[in-house]
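These notes are about the structure you will find just below.
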Amino acid sequence: MSTSITLIGAPVQSGARRRGCVMGPDALRTAGLDRALAELGHDVTDLGNLEAVALDVPSHPNDELYELGQSAGWVAALQDAGAGIAKSRVPIFMGGDHLMAAGTVPGMAAQAGAQPLFVLWLDAHSDIHTLDSTESGNLHGTPIAYLTGLADFTPHFPAPVATVAPGNICMIGLRSVDGHEKRAVAEAGIDVIDMRAIDERGIAAPLRAFLDRVRAAGGALHVSFDVDFLDPSIAPAVGTTVPGGATFREAHLVMETLHDSGLVTSLDIAELNPFLDDRGRTATLMVDLVSSLFGKSVLDRPTRGRT
């Protein structure tokens with residue numbers, strides 16, 4: 001089945017101090033993301049790279065905050081871009097650090113309108129800090145607090161054009177969560193499947209349970225895929241590597257299961273830093289995984305009842 005896909009470059013690197021994510025969108029292009037999707041029969045349009053909006057942002061009491069004005073400008077630009085995508089197309093936002101989700105997710109929630117938006121957060125981190133609580137000052141650790149409305153980021157960030165209910169978020173792959181974040185996630189009622197749960201129960205059953213909830217609610221599904229969801233042995237091109245991540249097969253199973261569900265309406269690819277890659281292997285892997293999400297398979301799976 002052909003899908004109309006829009007590629008949007010989000011070269012965000014103001015969310016962290018480590019340089020290189022600005023090259024993420026072009027690394028995915030170089031690795032052939034558009035070509036791979038087109039070869040699967042999809043209609044692919046590349047809109048090029050966005051630019052941050054110029055905003056006048058007041059100072060904040062937390063002196064550790066890094067690139068606050070630039071980050072606010074990216075949130076504004078990405079919200080506008082997401083909300084403006086036609087419902088008939090599936091946007092793939094090519095990042096860029098994970099601050100991008102503070103723009104993409106509210107934008108997609110606004111586009112969904114009365115249809116509830118659910119978010120599958122594939123990440124080693126929960127990214128639920130606020131402007132006040134972050135000790136590092138790296139704003140790629142704040143999008144969940146912002147996009148759920150759990151904390152008020154105004155007047156430093158633009159107000160979210162729409163928010164997502166915390167109960168509509170499922171985080172898979174967590175394995176680096178500090179004390180503040182543990183409390184915030186628990187209090188918010190976010191569904192969490194950390195790596196221990198995956199070790200004990202596998203990844204397929206809890207993912208399918210979440211997808212069943214999305215389907216029962218008639219929801220749209222945004223997938224926010226941080227490269228550090230993957231084990232660094234297979235995906236070294238990320239500035240926040242955490243050992244013990246998803247394996248090659250676990251990651252493909254997630255993407256294949258998402259494809260089978262038919263529920264995915266938008267996708268982030270976050271934290272790809274080609275400067276840290278090994279001859280493009282991470283970008284190539286991400287293209288392969290996205291291809292699985294859009295129907296690439298080794299063999300067609302038999303339908304039920306076929307002998």
Output yes when a side-chain donor or acceptor of [X] lies under 3.5 Å from a complementary backbone atom of [Y], and no otherwise.
X: Asp277; Y: Arg279; value: no
X: Thr154; Y: Phe157; value: no
X: Asn138; Y: Ala16; value: no

Between Asn273 and Arg18, do the side chains contain an N or O donor and an N or O acceptor separated by less than 3.5 Å?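 Their side chains do not contain a donor-acceptor pair, so the 3.5 Å distance test is not met.
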In this structure, which one of Val44, Val287, Thr284, Asp46 forms a side-chain contact (heavy atoms from CB on, under 4.5 Å) with Leu33?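 The single option meeting the side-chain contact (heavy atoms from CB on, under 4.5 Å) with Leu33 is Val287.
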Test salt bridge (charged side-chain N to carboxylate O under 4.0 Å, His left out) on Arg89 and Asp43; report intermediate values, then the result. CA-CA 9 Å; Arg89 303 194 68 88; Asp43 169 35; 3.3 Å; yes
Electrostatic pair Arg215-Asp212, nearest N-O below 4.0 angstrom: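 Counted as a salt bridge, because a side-chain N and a carboxylate O are separated by less than 4.0 Å.
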Glu256 and Arg249 ion-paired at < 4.0 Å: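 Answer for the salt bridge query: yes.
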Asp26 and Arg29: CA distance, side-chain angles, deciding distance, salt bridge (charged side-chain N to carboxylate O under 4.0 Å, His left out) verdict: CA-CA 5 Å; Asp26 286 339; Arg29 293 185 177 103; 2.8 Å; yes
For Phe153 and Tyr146, take the angle between the two ring planes, folded into 0 to 90°, and tell me which bin it lands in: parallel under 30, tilted 30 to 60, perpendicular over 60.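 Taking Tyr146 first and then Phe153, their aromatic rings stand perpendicular (interplane angle over 60°).
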Does the gap between the ring centers of His259 and Phe294 come in under 6.0 Å?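 Ring centres of Phe294 and His259 not closer than 6.0 Å.
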When the ring centroid of Trp121 is compared with that of His98, is the distance short of 6.0 Å?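 For Trp121 and His98, the ring centres are under 6.0 Å apart.
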Given the rule in the salt bridge (charged side-chain N to carboxylate O under 4.0 Å, His left out) test, do Glu187 and Arg183 qualify, once you have shown the distances and angles that lead to the verdict? CA-CA 6 Å; Glu187 291 170 3; Arg183 291 189 296 273; 5.7 Å; no
Just checking Gln115: does its CD atom have more than 12 heavy atoms from other residues, nucleotides or ligands closer to it than 6.0 angstrom?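 More than 12 within 6.0 Å, yes.
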Does Lys87, at its NZ atom, have more than 12 non-hydrogen atoms belonging to other residues, nucleotides or ligands within less than 6.0 Å?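 Yes, NZ of Lys87 has more than 12 neighbouring heavy atoms, counting only those of other groups under 6.0 Å.
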Are Leu99 and Val22 linked, directly or through other ILVMFWY residues, by side chains that come within less than 4.5 angstrom of each other?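 No, Leu99 does not connect to Val22 through the hydrophobic network.
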